[in-house]
Student: 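Dumping the structure here so I can ask a few things about it.
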Amino acid sequence: MLNDKKIAPVFALVDGNSFYASCEKAFRPDLRDRAVVVLSNNDGCVVARSAEAKLLGIPMGAPLFQIQKDIRQHGIVVFSSNYELYADMSARMMAAIASLTPRIEVYSIDECFADLTGMADRQALGTLIRRRVHQWARIPTCVGIGHSKVQAKLANHIAKKNKDWNGVCNLVDMPDAQRDALLAEIPAGSIWGIGRKLSAHLQTMGIRTALQLRDADKGTIRKRFGVVVERICRELAGHSCLALSDVSEPNQQIIRSRSFGQLVTDKMALQAAVSTHVCSAVAVLREQGTLASVINVFIDTNRFREQDVQYHGSKSAALAHPSSDTLQFNQLAMQLLDDIYQPGYLYKKAGVMLAGIETGTRLQADLFAQHDTPERDKLMQTLDALNTRYGRGTVQLATAMQNEDWRMCREKLSPCYTTRTEDLLTI
DNA sequence: TCTGGGGTCCTAGGACCC
DNA sequence: TCTGGGGTCCTAGGACCC
């Protein structure tokens, strides 16, 4: 039953503009008006572009080698991705937003939903959030405000597209006619949750804009697209279906994988890569207080090299008992790698996936669990403590260190200004 | 020469159970 | 000849997100 007394929920979506590029600019005032791009791991593709770089027409996802000419011609400044820096900047940004709102849900590294339900003067609050994030983290943001998450996302999109909004678009305190006019301008494919496939499908039904989707017949939408799209329709109309969740649930799967800096044939290099990924994935298990029972190991050739014979090896196995012990998982992973490794291929990527994840820090007492002894637990705790205190990778497995051929190349890496004393900015 | 990484949710279909 | 009706769990695959 709809309760008239109940206050309608209000969400804000705060999103960092060109987040990675803005993080790089934050410590380089000399780059303020320069075009900056940030590359994916291995300096492969463009994953972030400053406003200036967007204006130059650098597309998202472009491989570096395809835009070398533009880089030289326009003097675009290029950075390798520095996730250590971005993660820390993200934490600062979220802290600033949390200091002004009762509850936030961190949705990704560069955006969060905030609960504005019942708060007065939302427009001014949006402006205040932008100002504080800039003050604390030097990150420019846009704020979208709506009665649902989808509306807040959409408002954010509008604020980003048009400077006239001064970074804050508030769909809640706005005349219906104005809101409808805005929705009529937005292509359905720009709505959160409507991707390429769905937007093509919607188009065949004559639904091209956010307004048309909002007003589409719910029954028809439900029948043809399922509950997901029906929910988006309702959210567009301002009926909140997706709640704010400010407690983070543990992951259901943990994946660690990397492309190699060069092609690899040597099994030792694959072992080193897989071992490194096992360490990092299992450390996440312990960090979030969970155990896993299943591990998958996979290795891939380079699918872009059509002249090479392609191979994808993948195999899973389960431990007898759920665990968060690095050594156990590593042993099993090495066996799986033995099974899938085929000599003669040119490998480009390796990874591991943990699944069957459940809550519980310590194992239940089990007569047959030989490995998860209190001593082994202590060892893992010590490992985590050392790596936290002295930096990731301070203590590694020997299998992870036997070969370096697979390491990423990150030629344009910036300093970790905020997390390493040796990288502190000097003026 | 050179092309990222890590997630979530939903659905359909099969196995199995009572 | 005639052969129910639910339910759960698991998995693979699709679609989407940043």
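Computation of the quantities below employed the complete heavy-atom set of this structure, encompassing side-chain atoms and omitting hydrogens, waters and symmetry-equivalent molecules. In what follows, chains carry the letters A, B, and so on, assigned in the order in which the sequence lines appear, proteins first and then strands, with residues in each chain numbered from 1.
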Student: Base, sugar-phosphate, or nothing: which does A:Arg305 touch, judged by heavy atoms less than 4.0 Å apart?
Tutor: sugar-phosphate
Student: Using atom CE of A:Met60 as one end and atom P of B:dG4 as the other, report the distance to the nearest whole Å.
Tutor: 13 Å
Student: Is there a side-chain contact between A:Ser259 and the phosphate of B:dG5, meaning an N or O under 4.0 Å from OP1 or OP2?
Tutor: yes
Student: Taking the six-membered ring where the residue is Trp, are the ring centres of A:His147 and A:Phe11 under 6.0 Å apart?
Tutor: no
Student: Closest approach of A:Tyr107 and A:Lys153, non-hydrogen atoms and distance?
Tutor: CE2-NZ, 4.4 Å
Student: Does the protein touch nucleotides 6-11 of chain B at the base, only the backbone, or not at all? Give it as B, S and - per nucleotide, heavy atoms under 4.0 Å.
Tutor: SSBSSS
Student: Between the side chain of A:Arg49 and the main-chain N/O of A:Val37, is any donor-acceptor distance below 3.5 Å?
Tutor: no
Student: Tell me if the centroids of the rings in A:Tyr83 and A:Tyr20 come within less than 6.0 Å of each other.
Tutor: yes
Student: Is there a side-chain contact between A:Leu346 and A:Asn302, using heavy atoms and a 4.5 Å cut-off?
Tutor: no
Student: Could you name each residue pair satisfying salt bridge (Lys or Arg N to Asp or Glu O under 4.0 Å) that touches residues 80-98 of chain A, not counting sequence neighbours?
Tutor: A:Glu84-A:Arg420, A:Asp88-A:Arg92
Student: Quick check: does any side chain N or O of A:Glu230 sit under 3.5 Å from a backbone N or O of A:Ile221, one acting as donor and the other as acceptor?
Tutor: no
Student: May I have the distance from A:Leu346 (atom CG) to B:dC2 (atom P), rounded to whole angstrom?
Tutor: 11 Å
Student: Taking for each residue the nucleotide of DNA chain B with the nearest heavy atom, is it A:Leu263 or A:Lys349 whose nucleotide lies nearer the 5' end?
Tutor: A:Leu263
Student: If a pair satisfies salt bridge (Lys or Arg N to Asp or Glu O under 4.0 Å) and one of its residues is in residues 310-323 of chain A, list it, with sequence neighbours excluded.
Tutor: A:Lys315-A:Asp339
Student: Answer with base, sugar-phosphate or nothing: what part of the nucleic acid does A:Asn302 contact at a heavy-atom distance below 4.0 Å?
Tutor: sugar-phosphate
Student: Answer yes or no: is there a donor N or O on one side and an acceptor on the other, between the side chain of A:Gln151 and the main chain of A:Leu236, under 3.5 Å?
Tutor: yes
Student: OP1 or OP2 of C:dC17 less than 4.0 angstrom from a side-chain nitrogen or oxygen of A:Lys153, does that happen here?
Tutor: no
Student: Tell me the interatomic distance from A:His157, atom NE2, to C:dC17, atom C1', rounded to whole angstroms.
Tutor: 15 Å
Student: I need the CE-P distance between A:Met408 and B:dC2, as an integer number of Å.
Tutor: 18 Å
Student: Separation of A:Met353 atom CE from B:dG5 atom P, in whole Å?
Tutor: 13 Å
Student: Counting only heavy atoms and a strict 4.0 angstrom limit, can you tell me which residues of residues 187-209 of chain A come near DNA chain B?
Tutor: none
Student: For residues 62-74 of chain A, which residues have at least one heavy atom under 4.0 Å from DNA chain B?
Tutor: A:Pro63, A:Phe65
Student: Of all the heavy-atom pairs spanning A:Asn42 and A:Ser259, show the shortest one and how long it is.
Tutor: ND2-O, 2.7 Å
Student: Under 4.0 Å between a Lys/Arg side-chain N and an Asp/Glu carboxylate O for A:Glu52 and A:Lys25?
Tutor: yes
Student: Assign the ring pair A:Trp192 / A:Phe113 to parallel, tilted or perpendicular, where the plane angle (0 to 90°) is split at 30° and 60°.
Tutor: tilted
Student: Quick one: is A:Lys348 getting a side-chain N or O under 4.0 Å of the B:dT3 phosphate, OP1 or OP2?
Tutor: yes
Student: Locate the shortest heavy-atom distance separating A:Pro102 from A:Met119; write the atom from each residue and the value.
Tutor: CD-SD, 3.7 Å
Student: For the helix from B:dG5-C:dC18 to B:dC18-C:dG5, what angle separates the axis at the start from the axis at the finish, each from five pairs, in steps of 10°?
Tutor: 0°
Student: Quick check: closest heavy atoms across A:Arg34 and A:Ser50, and the distance to 0.1 Å?
Tutor: O-OG, 3.6 Å
Student: Say you pick atom P in C:dC18 and the same atom in B:dT3; how far apart are they, in whole Å?
Tutor: 25 Å
Student: Can you measure A:Asn42 atom CG to B:dG5 atom P for me and round it to whole angstrom units?
Tutor: 6 Å
Student: Whole angstroms only, please: what is the CD-P distance between A:Glu111 and C:dC18?
Tutor: 6 Å
Student: In whole Å, what is the span from the CZ atom of A:Phe304 to the C1' atom of B:dC2?
Tutor: 11 Å
Student: Is it true that A:Arg103 and A:Asp115 make a salt bridge, defined as a side-chain N closer than 4.0 Å to a carboxylate O?
Tutor: yes
